[in-house]
Every structure is written in structure tokens, then in C-alpha cells.
Visitor: 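Below you will find the structure I want to go over with you.
FYI, side chains are in, hydrogens and waters are out, and symmetry mates aren't considered; it's all heavy atoms of this structure.
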Amino acid sequence: MADSQLKQCQWNIRSSQYLGEISALCFLHLPSHLSSFPFLLAGTGSQVLLYDLESSMMIKSFQVFEGIRVHGLICSLLDNTTLGCKVVVCGEKRVKLFNLTFELSSKSNTQSEFCVDLCLLHSLPRFTHWVLDALFLKDHCLAIGCSDNSVHVWDMLKSSLVLQVPSPDRCLLYSMRLWGDNLEALRIASGTIYNEIIVWKVICQHDSPTSTSSVKGCMNLSSSNSNFAKCYDQQYKAVHICRLVGHEGSIFRIVWSSNGAKLVSVSDDRSARIWTIHDHDDRREIVGPVLFGHSARIWDCCISDHLIVTAGEDCTCRVWGLDGKQLWVIKEHIGRGIWRCLYDPNSSLLVTAGFDSAIKVHRLHTSVCKTLDLEGDADSEDIIEGAQISITCIPNSMEHAGLMDSKSEYVRSLYFKCEDTIYVATNHGYLYHALLSETGDVKWTELVRVNGEVPIVCMDLLSASLSRNHCGIDDWVAVGDGKGNMTVVGISGNPSSPKVAFTFAWPAGAERQLLGTYWCKSLGSRYVFTTDPRGVLKLWRLYDPSISVCQDSQRISLIAEFPSSFGIRIMCLDASFEEEVLVCGDLRGNLILFPLSKDLLLCTAATSGVKISPLSYFKGAHGISTVSNISVSRLRHGQVEIRTTGADGCICYLEYDKDQESFEFIGMKQLKELSLIESVSADFKSADDLANRNYAAGFASTDFIIWNLLTEAKVLQIPCGGWRRPHSYYLGDVPEMRNCFAYVKDEIIYIHRHWLPGGCKTKFPRNLHLQFHGREMHSLCFVSENSQVQGNEEENLVDKSSWIATGCEDGTVRLTRFAPEMENWSASKLLGEHVGGSAVRSICFVSKTHIIPSDVSSTPGLEKGQNDTSDGKQNPCLLVSVGAKRVLTTWLLRNRSLDEEEEIYPEQKLNRCETGCKPTVKQCSSMSFRWLSTNMPIRSPSMEGREKTMSATNKISSLDSDAKTGSTLIEKEGTKSKTCLVNKYEDDWRYLAVTAFLVKCAGSRLTVCFVVVACSDATLTLQALVLPHRLWFDVAILASMPSPVLALQHAVVPFCNLTQISSTYLVITGATDGSIAFWDITESVETFVQRVSSLNIEKFIDCQKRPRTGRGSQGGRQWRSLNSSMSKRRLGGDSVTRKAGDVDNSNSNITPDTSSELNDLQKRSKNCSQAEHDTVLEPETSRTDSLTEICEIQPIHVMNNVHQSGVNCLHVSGDFQGSENCYLLNIVSGGDDQAVHCLQLKLTLSSTELDAKVVTSETIRSTIQSESIENIVDCSNKNQGPNHIRFLNQYRIPSAHSSAIKDGTWVFSTGLDQRIRCWLVGEHGELTEHALLIISVPEPEALDARACGRNRYQIAVSGRGMQMVEFFLP
């Protein structure tokens, strides 16, 4: 569409739901026959959301303000005849009164559907101070409390302000709360800035017309509005009741009890106080208990007849008794804390909401207010409705009286089969079957006793539901004893009368050397594993028990032995029969991968225990913490995904590719609420999708916890003394409703069973609103696998949903999905966290790969018939994030097409017994991105480097027209250092901006991601990430600007001449001094790509590691570089796999003449994931910095004073002009001076159309002063011939906004005034405003836009929250 037509069209702009902090909560009670739970009103941004708590669904959202945050919601009583109520919405200094009506549209036996409408009744005039509270009074009046310690009364019938009463103590307030149902009973509690509470009331004085009355100031408010009436003839005044002193900080929230006799206040001093108020002749106040427990400021509180709830900045919500005793702690929010809490005593529902946008609903019960002292521990409380708690002992201990001694029998191991069956093993060698009844009684059955009456040290269970070849056996139980003997017991029959079908035993190891036995669900009941302290794993084949043999030893055969490379005890394992791999995890966080061939398993010939060496291993997958669980899932033929959990509180994802012989770390999720994760399981909807497992079970200190990974809510918490005690658990299809846990203390078995009927639909806790970042966001970008849809193209169906990547102050990177059909955010995934939680300052997405021509015949590693797409893989799509501590993290988009459903080994369909459900056959991972690499500097800049940086800065001022790429070599000191890692980062520099692009040499398998980063020390560096080997290189240093760079963009300009197609690579920077600089990095990029493509770089050792978390994963040791002294100890004996630390070459000079070194490396395994056991690697990467000369690049042009202050955003778009054989670039910048600057420039390959004049430095600087002068800048490249940049047009809007972006013919901008403005770009770069919209995002910092169809754009804005805006032509 032509520009003239666009100007005449009427464009529409609309906003979607705001995703940010929840600032107000209010219950709305419907008649019990319509809903058993109240409805919930929640204020977020400028919107009010209405939720049905029974169905956990949002009914509707309402826009109530424009750019004003809702911070108060008050509802009147519901009129049962009309099903309507009045709602007061407070926002800053504004108050609006609405009528909320419900219309019952349809009703069934199970559900009622409502049609809801919110109608504006009154919009009160703007108050002079913030509104802190409002209260409905009788006679259709509304009391409003303001921050100047005054109360106003609004007559809803007359639509006028009729009363204003100031307190005699005139001061500013942080909080105020009103109580009463009429003006005479009105009580006001004001929390002042002086850390005290003033309690006062309003009384009518009949005989003192000259005394201070409410008329003062009323006329000032009513003078501007004709609807205002004069105040009542009666005079009112404020009367002081009492002053409450005791807090040592600002008072943020006050609540009254229902009868007005008590007050609860919360403060900046991290305490909550209970006050008793006497309002008669005795005006004394009584200070009740002081509630201490929060570790940060307390934001909100509420009180009922039995308990008090507080919520604070430490992200905890605490429930207290009226006596001050803490009953329960909820910690499920993230970020800056919980801002609002609300409790309904009728339904026992507790609602919490905070900065992270989540609304969590818990259900408290009467048991919360009571102390269940099952173990003599006051903290042992049952908080689950319907939970059954049983206490029992093993049969022999019931007969034993007195204290336990060395001869007493006690439990060594127990295992849940299902919700009512437990197998128990003891130190006397007994194996018991325990059947739990609904009444809590336990029926014990003695099954077997192992030979020699020795203690049982390990046990594992395989149920018939998890094995096809069960041979009529219901359960297979394997136990190992202290003498090294294994016993397998087959159990059949009715659960109430189990029978032993067979028992056979054999010696599996030396005395006290048998520490574990494991069934593998994918292999079935024919195979069992045993392990010893030295990490040797043995695989045994069990023959059909129905076959008659003379001795038990003839039923058993040792198939193979798997010695660990580390010699450490194996703790867990899993296998894939189809892919023939076995994965084991040990006591020190290592993973070992063994081959497990089908021929070995299915061979019937007798074997003598073949020793099988590892295929590969990954050292420190869980740091130095125990690996507790492993699950293997098949992705496609030759590829498996491995999910592990450990005692570092992390869930790790790894991938093994059999064809590439690669064992890579691809992702991690850290649960800060759990210190040990024992397993991750799924509900019945996502059975075997490893990344979509919904529930994690584990321990935090001495408590057993079940955690919902989707809602980020705690399902169950049971104090049990910790994971070292014998314990077991069983999860049903919905763990919130069906779970069992048993543990042993002393000689007593405590059994907690929570098993609700299948028809019950009540499920708590719940998350009503999408959980998001808990802090401010500094950057965002759209993510799409395909190239961006242009404004004149139709949108594909797959493009309707938009994915947005965001980086947050807390160091997290999230991927959030927006669904246009719902006009709402539908999902948000946490990709990961920067090292140490360092703040993410900038983020960018790279999807297009640029090809550099090359002579295919000179490229090594290419056989006949191969080309750049011979591997069949798509070009990579990367997400790059940078931030504090100079952390640079890359993420790789996972785009996998699954194989068709295949017939697999029957037992591979089976899941671990704790889940209680069967998985599906088709398996995949839903992780959108996988962690690729993290790059951090290895040491602080040297003084020599700083001197060169300063000298480069001085050169900027004397820049001339002949400035070209310099050849100054930066000498890098060796990276040998034995200092602590903390000393390496003693400086506090941070990355402020990043831009990246992908380049590939034609005919090469390698792809290079070039990353330009700007640091807060005013330096710019060009780095390269070589894929798929994840090797980092320093390519060049961009001469420093006088001021730090805040914004970075790049432009890849393609040109075609008679001989070849080439590209020019430009970098555009915006600095804090308002200048914009241009850099030509073409020579450095092409030289590096061609040189790295000519090497066998795949022979370099990849020393990439998992991301650091700080919780045992990488801590506890002094870290050294690869050049440090290495341990000489070999691991794994005759293992064919060697570690990365075996070769000390990561920082050596790598040139084409290093063939001997590469040949030596070729003899070593490519599967080296980690360093030697004693060796500490460089942080996160293996850097090889000396592949090429590190040169210094000078800018080709600098435009000073483009903005009066910092340039905080840049956007570049371009179009090739075929008729002129040139490329037209449009550059839009936004600055802190609230201005938008638009610049057009033309890049040409030939100089025939240009003046022959010589451009001097004075001519270049004149461009800054005059926009009418066309300047020509020479940026010649030796490989492409002369390139010239001609600056054409400049257009500046002095009072626009601080952030701007351009897409096609439109520029979108936003700023601190919370407005989005849409500008049409004219032929000569002039901007014409076409639309404006006020958004709900406070303090917007970042903006991005994309064309999603013909004349349709999506604009995403982030700051303290995020919001999507659609700009379209109807």
C-alpha cells in the first residue's frame, strides 16, 4: 500500500491484558446455590480481573483506568434479587464506582454460567492526595480515606461530595483503614510516616457552629464541578481516640477485625503487631503479641476470628494464631515479594498475589489452627483435607517392650506398591507385606526371611503393572543383604492374602559390598542390577521361575559388568532397550553412559560377565551432589534425552546422539524450594514427556515436599526428619488429591495418606494467573523460527501465536506465548538463569544465516557430494542474552520432528512405580530452547589493555575520512592463574547491549555466531561462537567510545557484482553521550570465517559445562584454567573415553600449521564433556583466543550530539534498491531526551554516481550541524572493492519518547508517560503520528514489534510488567 493511501486509512490500536504485578484483591460472595466458593476480583495494571474460584477460570477482564494502576478494590454486599453489587476501584488519586451485575445464562447440575457486566456509575473528581481506602456506609454513602489523613464522604444518590473531615494530626500517611457501617460508627486507623498509628473517629457536633468542621476545603473541591453540593448543615469534626506506638519502621498496611476491637499492622521493621482498641471512656490501647518471622518488609495482612495472615517482601505468606504462634508458611512466589493476601473464613480460602503476576489459591482448614503433635514436635501439622495418618510398627517390634538395643528389629527399607500396599524390609532379614485399610489399620503378612538372618541393606520393587512378562507374578521384590547375597521374591495372590510364588537367592558380591539393587522398568523382570562401593555395576539375567532346576544358581547368570570411570558408587540408573544405552548416576554427581546391546540381553548362551567400558560420561552433571534419579526418553532413532535429578535441587536435561557420539548438556531447571529432588513425575495427561513432567518430589531440610512444576505451588509438605530415614511415597493421577507418604522414626512407621474419590474436582493449591518475572525487565524480543512476516504478507496459521523472550533483573530469561485469539498470555517458560543471578540487560534473537562464498575444493572435511546442507540439519536459531558480571549466554532453538510411532520393546512404555500411571509411547521434549553456552571473561583487564583503550578513545576526536580497520595487535597475557574465581571478577563491569548474526562459509559444516557486546567500561568487543562445537574466540576490539554504549544494532548489506555475491557487515552503536557511531567489521568477519572453516576445528576439545547454580554444582573448590597443573591420575582403568583435561591446549595458538597437534587430538575421544576429577575448568567455556590476530577496529563515522542524552535504543531496517544498485538503510534511535531521531543512508558498491571530492573530517562533522548536507563516507574493503555510505535525510521529533523501533514503514515508540505512539515514515524520513494508546506498563524500558500479517503489527512493551498492543488496519 502506498504511503498516500496509508495516510488516509483509519488505523486501529488496542491493548491486550497486562502481565505484571497484582496490586489489589477482593472477594465477591455469591449465593451458595450458585457457587460454593466466592468469586475473586483482582487489580493488575489498569485492569480488573474477575475469577471463578470453583473452576479456577477467569470470567472476564475490564479496563477501568488509562495508565493508572489499580491499588484498591472494595465490594458492597451482593443484592440477591438482582445479582448485582457495587465495586469501588481506587487508582492513585482517582476513584471510580461501578455496578457489577451477573446474569445467569445457563445452569446445569454441575455448573452455572454467568454473563457479567461492569457498568460505570460515578467517576469521582481527582483528589489532591492518594486514595488509601474506601468503605460503603449506610444511606448510600461512600467514605474515602486519603493520604493527607482526611476522610471524604460521597453521596452515591446525589453524585456529590458531601463531607470532608481532616484529622487533627495532619501528616502524610503510608496506610489507612476504615471500619464501620455508618458515619457515627466510623473508625479510622492511619499509619503515619512517623512509624505510629493514629486511631480517630468522626462525630457530629450540634451546638458548636464555630468549631472546626468538615466544610473547610469542601468548596475548593466542588468549585470545579457543578454536581458538587454544599456540605450538610450539621458540622462534623475529628476526635482522637489513641496513638499506637511500637513499630520501628513505616507502617504499610492496617486491618480491622470484624468487630472493630482489634487492629493488625505490618511494617518496614519486618514485624506484625496486634492491638486491642477500647473506644469508650477508657481509651487505652493494649499491645498484643508481636509477630516476628519475616526476613524482609511486610506488605499486607488480614485477620479473621481465628487467625492472622501476613505477606512480605521475602516472598512468604505466613499464617499465625491470635496468640502469635506461627502455623504455616507458604513460599511459592518469586521476585520482589507478595503484595496482597486475602482470607475468606467461610470457604477457608487463602489468596496471595505479588509482583510475579501469579495469584495462588490455597485452602486452609481447622487443623491449621490446631497443633498435631504426632512426634512431640510442635511444627508437625497436617494441612491437607481428607488426609489419613496411621501409626504402626513391624510385628516383632510390637512384642518388644522397652528401649531399642542392638538386638532390636527395625525397618531398613520400605516401598509403596500402591496407595494401600507397602513392602517393608528389616535388619533381621524379614520381608513383610503391609495392607492399609480405610480405617487406618494395618494388616501384616510375613513373606520371607533371607538366609543367615542377616540384615537387608537394599530393596527394589517391580510391579506387574510395569512389566508384560510377569509370568503370573504380581510383584517382583529384589533384596540384598549384608553378606552380599541377592534374593528375588515373586508375590502373587489377593492383596489381602499375598502368597510367595517363588524365592531364589545367589551370591552377588562380597560381604558388606552389596549396596544397591535396581530393576530397570524398560527391561522388565528378566534383568536385575546390583552395585558395589567401587562403582561396578553388575547385570544379572533371571530365568523363568516355572522351569524346574536343581539349584537357585541355575536360575541366575551374570551377563555383564559395567565399571564406572570414576570408581564411585552408582545410585540410580535407567536404560533404553531400543537405543541400546544404559545411563548411570553416582554419589558425586557424575553420569556414565554404557552400551547395552540387544544381542547381549537376548543371547541365551551362558556368559561369564563381560566387562563393558563406558561410551561416554559427564562429570559433575549435578556438581558434587548425588544423582538421585534418571529417566531416559527416546527422541528419534539414534537420539535419547536424559533427565536427571539430584541433591543440588536441580533437574538436568542431557542428550545423547549415537551417530555423532555426543553427550551434551541441554538444559536445567533449579528448584530453590527443594534441596534434594528424588524424582519428577507426571499427571495422566503428560505421562512420558520428560520436560513436561508436572510434579517434583523431594526434601527441603527435614520436610518431604511435593512441588507442582507448572503452577509453582507446594502440593504437600510433611515434616519427617529428612531423606536419610527410610521412606517411600506414591503419587496418584492427580497428586494434589491423591498421594501417600510413609517414613520411619525410631521403630514407628508414620503413614500419611491423602486419597480423595475420583469424582472430586476440588484441587488446591491453584494458580489463577500466569506466573511471570518477579522483577523489572530490561529487554525483550520476538522469537520466530521463520523470517519475520512483512507488513504486506499474509500471516500463516503458525504465526498467530507470538513468542517473546524477556530478560529480567533477577537474571532469568523467560519465553512467553501470546495468543491473539484469546488476547491474552497463555504460557510462560523459564529458559534459565544467568550465572549467580546476574541481571539480564539485553537480549536478541538470531535466525538468519548469511553465506560467505568460498572455494569448496579448499575446504577440508568435505567428501564428494557434500555441500553446506549435506547434513540435513536446519540453520541454527539462537537467543543471546548479556548482563551483569559480563555474562554472555546463548540458547539454541530446539526444532525437532519426531519419528513416526514405532513398535518398541514392551517394557519401554512403563513408568516408575511412584507415579501410578502408564506413559504413552510417543515421546518428545517441549523445551523450546536449550542452553548452548555461557561465556565470561577469565580475568580483569590488564593495565596495558586499559592504556590501549584510553589511547583508542583519544583517536576518536581526530577521526578523518580515511579511517579504516586498524591492525593494532592486542597482546593477551596467558590465562595461567591459580587465584580464586571470585578474584577474577573483582571488577563490577557489566554488559549493557548485544547484537549478533550468523555467518556460514559455503561448503562448510561450521556456523559462526558473531556477537558484538558493549561493556559498561566503554569497550566494545567482537566475539565468535563456532557451532556446533561451542568454542568461543575473541575476534576484534572496537575502538572505545568516550562514553559507554547503551544500544547496539547491526546491518548485513548484500551486494551482487559480476563475479560473486558479497555482503558488508556494519555495526551501529548509540552511547550515553548521545552519539551514534558506524563500524565496518566485514574484513574481520570474512577473514575469521574463512580461516576457521579451513581448520579441523572439530578436533578441538569441547570443555563446555552445565550452567552454574551455586548450589553444589560448581562450588566448594578453587577453580583454575586448563593450563594449570593437571592431575596425572587416570580414570576408569581401560576405559576408551578420555577427559578434556587430559590435553592442555585450550589456550594455545591455533594456526593452519598445527597439523601435528590436531592429529594427536584426533586420536582422542570427542565425547569429552568435563575436566579431570581434580581439574577445574575456566568458567563455562573453553576459549581459544588466538585463532586469528585480535585487531582493533576504528569507526568509519561518528555522529555526535544526535541526542542530548543517552541513546538507549536503536533499530535498523533496509531495502535493496535494484535500479540504483544500492542499499537504503533506515535507522531510528530513541534517547533519554525523549526524542526520536530518524536517519536515512545509502550504501553503494560502485563510486560512479558519487562525487570525486575528498571527504575530510570537517565535512563529516558538519553533518551533525546541518541536515541538508549529503556526506559520503568511504568504507573500502579489500575483498569487495570500494563501498560508500551517503547520509541522505535526518528527521528529529524533540518531544517523543525514550524508546523507539521501526518496522517496515512504521515507527513505534514508548516512554515514561506510558504511551505508545505510531508514526508513519515518509519518503524523506519524516514522521507523521497516526495513533496513540496509553498502556498499563509502569516505567516501560523496552519495546519490540513485528509484522504478523497484511497491515497488522504486534507491539510488545516491557518494564515493570509486559503488555502486547495490536496495530492494524480493519
Side-chain angles (χ1 to χ4, degrees), residues 23 71-72 129-133 145-151 167-179 187-201 238-279 282-304 307-327 329 336-343 352 354:
S23 52
H71 68 255
H129 293 81
W130 274 52
V131 176
L132 299 180
D133 195 20
C146 294
S147 61
D148 61 344
N149 207 10
S150 64
V151 173
S167 170
D169 296 296
R170 299 301 299 273
C171 62
L172 293 180
L173 308 178
Y174 276 117
S175 59
M176 175 185 282
R177 186 54 62 96
L178 310 177
W179 177 86
R187 301 293 180 268
I188 304 101
S190 306
T192 72
I193 61 175
Y194 303 113
N195 307 336
E196 60 185 14
I197 302 173
I198 299 174
V199 183
W200 55 287
K201 63 181 178 179
V239 176
H240 177 81
I241 297 178
C242 62
R243 188 182 303 270
L244 308 179
V245 180
H247 281 293
E248 297 179 358
S250 303
I251 299 167
F252 293 135
R253 198 74 168 178
I254 303 172
V255 292
W256 289 92
S257 62
S258 58
N259 58 4
K262 292 182 181 294
L263 270 178
V264 177
S265 59
V266 295
S267 170
D268 191 19
D269 61 4
R270 307 178 184 181
S271 71
R273 294 176 181 262
I274 306 173
W275 314 84
T276 302
I277 307 299
H278 298 280
D279 179 21
D282 185 8
R283 294 185 178 180
R284 297 175 303 167
E285 67 278 0
I286 301 176
V287 182
V290 181
L291 312 180
F292 286 105
H294 286 274
S295 60
R297 293 177 290 185
I298 307 177
W299 294 124
D300 199 10
C301 61
C302 55
I303 183 174
S304 70
L307 53 84
I308 296 170
V309 181
T310 58
E313 194 177 26
D314 58 356
C315 294
T316 64
C317 179
R318 300 173 186 264
V319 182
W320 314 78
L322 295 181
D323 57 354
K325 180 181 178 181
Q326 183 173 295
L327 303 176
V329 179
R336 294 200 179 276
I338 304 176
W339 285 15
R340 292 292 176 260
C341 61
L342 198 60
Y343 177 66
T352 60

Visitor: Using side-chain heavy atoms (C-beta onward) and a distance below 4.5 Å, is Asp268 in contact with Asn195?
Guide: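 No, every pair of side-chain atoms sits at 4.5 Å or beyond.
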Visitor: So Trp179 and Ile254, side-chain contact (heavy atoms from CB on, under 4.5 Å) or not? Walk me through it.
Guide: CA-CA 11 Å; Trp179 177 86; Ile254 303 172; over 6 Å; no
Visitor: What distance do Ile338 atom CD1 and Cys315 atom SG have between them, rounded to the nearest 0.5 Å?
Guide: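 Answer for the CD1-SG pair, Ile338 versus Cys315, is 6.5 Å.
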Visitor: OG of Ser167 to CH2 of Trp200: how many Å apart, nearest 0.5 Å?
Guide: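 Reported to 0.5 Å precision, the distance equals 5.0 Å.
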Visitor: Start with the C-alpha distance between Cys171 and Leu173, add both sets of side-chain angles, then the distance that settles side-chain contact (heavy atoms from CB on, under 4.5 Å), and finish with yes or no.
Guide: CA-CA 6 Å; Cys171 62; Leu173 308 178; 4.1 Å; yes
Visitor: Between atom OG of Ser175 and atom CG of Leu132, what is the distance when rounded to the nearest 0.5 Å?
Guide: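 Output value for this atom pair is 7.5 Å.
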Visitor: For Asp300, which of Arg253, Arg318, Arg177 qualifies under salt bridge (charged side-chain N to carboxylate O under 4.0 Å, His left out)?
Guide: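 Of the listed residues Arg253, Arg318, Arg177, the salt bridge (charged side-chain N to carboxylate O under 4.0 Å, His left out) partner of Asp300 is Arg253.
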Visitor: For the residue pair Cys301 and Val266, what are the closest heavy atoms and their distance?
Guide: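 Heavy atoms only, the tightest pair is CB-CG1, 3.6 Å.
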Visitor: His129 side chain to Asn149 main-chain N or O, any donor-acceptor pair under 3.5 Å?
Guide: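 The answer is no, because no donor-acceptor pair under 3.5 Å joins these two groups.
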Visitor: Is there a side-chain contact between Leu263 and Trp256 in this structure, where contact means two heavy atoms from C-beta onward sitting under 4.5 Å apart?
Guide: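 Yes, their side chains come closer than 4.5 Å.
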Visitor: Is it the case that the side chain of Arg273 and the backbone of Val290 share a donor-acceptor pair, with hydrogens and angles ignored and the cut-off at 3.5 Å?
Guide: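 Pair absent, no side-chain N/O of Arg273 close to backbone of Val290.
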Visitor: With a 4.5 Å cut-off on side-chain heavy atoms, are Tyr174 and Ile251 touching?
Guide: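 They are not in contact (no side-chain heavy atoms under 4.5 Å apart), so the answer is no.
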Visitor: If you measure from CD1 on Ile197 to CH2 on Trp275, what distance do you get to the nearest 0.5 Å?
Guide: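 Result: 5.5 Å between the selected atoms.
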Visitor: Which heavy atom in Met176 sits nearest to a heavy atom in Asp133, and how many Å separate them?
Guide: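 That would be O-CB, 3.5 Å.
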Visitor: Do you know the tightest heavy-atom contact between Pro289 and Leu322?
Guide: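 Closest approach of Pro289 to Leu322: CG-O, 3.8 Å.
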Visitor: So, for Ile274 and Ile308, which heavy atoms are closest and what is the spacing to 0.1 Å?
Guide: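 Heavy atoms only, the tightest pair is CD1-CD1, 3.2 Å.
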Visitor: Please examine the side chains of Ile277 and Arg187, heavy atoms only from C-beta on, and report whether any two atoms are closer than 4.5 Å.
Guide: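 Of all side-chain heavy-atom pairs linking Ile277 with Arg187, none is under 4.5 Å.
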Visitor: Please report the interatomic distance OG(Ser190) to CG(Asp148), rounded to the nearest 0.5 Å.
Guide: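 Ser190 atom OG to Asp148 atom CG measures 10.0 Å (nearest 0.5 Å).
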Visitor: Over all heavy atoms of both residues, which pair between Cys302 and Val255 is shortest? Give the atoms and the distance, please.
Guide: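 Smallest heavy-atom distance, with atoms named: CA-CG2, 4.1 Å.
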Visitor: Which atoms form the tightest heavy-atom contact between Ser267 and His247, and what is the distance?
Guide: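 So the minimum-distance heavy-atom pair works out to CB-ND1, 3.1 Å.
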Visitor: Nearest 0.5 Å, what's the CD1-CD distance between Ile298 and Glu313?
Guide: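 Rounded to the nearest 0.5 Å, the CD1-CD separation comes to 11.0 Å.
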Visitor: Under the 3.5 angstrom rule, does the side chain of Ser295 hit a backbone N or O of Asp314 as a donor-acceptor pair?
Guide: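 Flag not set: sc Ser295 to bb Asp314 has no pair under 3.5 Å.
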Visitor: Would you please classify the geometry between the Trp299 ring and the Phe252 ring as parallel, tilted or perpendicular, with 30° and 60° separating the classes?
Guide: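 Rings of Phe252 and Trp299: tilted, 30 to 60°.
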Visitor: Give a yes or no on whether the backbone of Trp130 and the side-chain of Ser147 come within a donor-acceptor separation of less than 3.5 Å.
Guide: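 Looks like yes, one N/O pair under 3.5 Å.
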